[in-house]
Amino acid sequence: MTSLDNVIQLIADGKLKEARVLARSEMAIGQGSGLGRHMPREFREIGLSFTVRRTTLRE
């Protein structure tokens, strides 16, 4: 949650490039504390599908 708070603060301050770098380094798949392991499988799959779509759209 701290990483998310920091990204939101950077966005609020208009520091979009810094927010992107921080989000990619600290909030990427496989990073962080692994809270997703406590979520139902279906919920994790929904979250992953959003990530895959976002990545595909950006490329």
Side-chain angles (χ1 to χ4, degrees):
M1 293 303 294
T2 301
S3 296
L4 179 58
D5 289 341
N6 292 338
V7 169
I8 291 170
Q9 185 60 53
L10 287 168
I11 292 170
D13 293 342
K15 299 177 180 178
L16 302 181
K17 183 177 180 180
E18 292 89 342
R20 179 180 55 84
V21 170
L22 182 63
R24 282 184 168 235
S25 67
E26 294 190 18
M27 299 175 67
I29 295 173
Q31 300 294 322
S33 61
L35 295 175
R37 69 177 177 248
H38 301 293
M39 306 266 182
R41 180 181 54 82
E42 295 84 0
F43 188 81
R44 290 192 313 265
E45 289 174 358
I46 291 169
L48 182 58
S49 72
F50 285 128
T51 301
V52 170
R53 277 191 225 142
R54 179 190 56 100
T55 302
T56 302
L57 290 172
R58 288 182 47 204
E59 295 174 351

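Remember, predicted model here, so these are calculated numbers, not experimental data.
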**Student:** So, using side-chain contact (heavy atoms from CB on, under 4.5 Å) as the criterion, who are the partners of Asp5 when residues are at least two apart?
**Tutor:**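 Asp5 satisfies side-chain contact (heavy atoms from CB on, under 4.5 Å) with no other residue.
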**Student:** Nearest heavy-atom pair of Ile11 and Ala19: which atoms, and what distance?
**Tutor:**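 Distance-wise, the nearest heavy atoms are CG1-CB, 3.7 Å.
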**Student:** Under the side-chain contact (heavy atoms from CB on, under 4.5 Å) rule, collect the residues that match up with Ile8, sequence neighbours excluded.
**Tutor:**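 side-chain contact (heavy atoms from CB on, under 4.5 Å) check on Ile8 returns Leu4.
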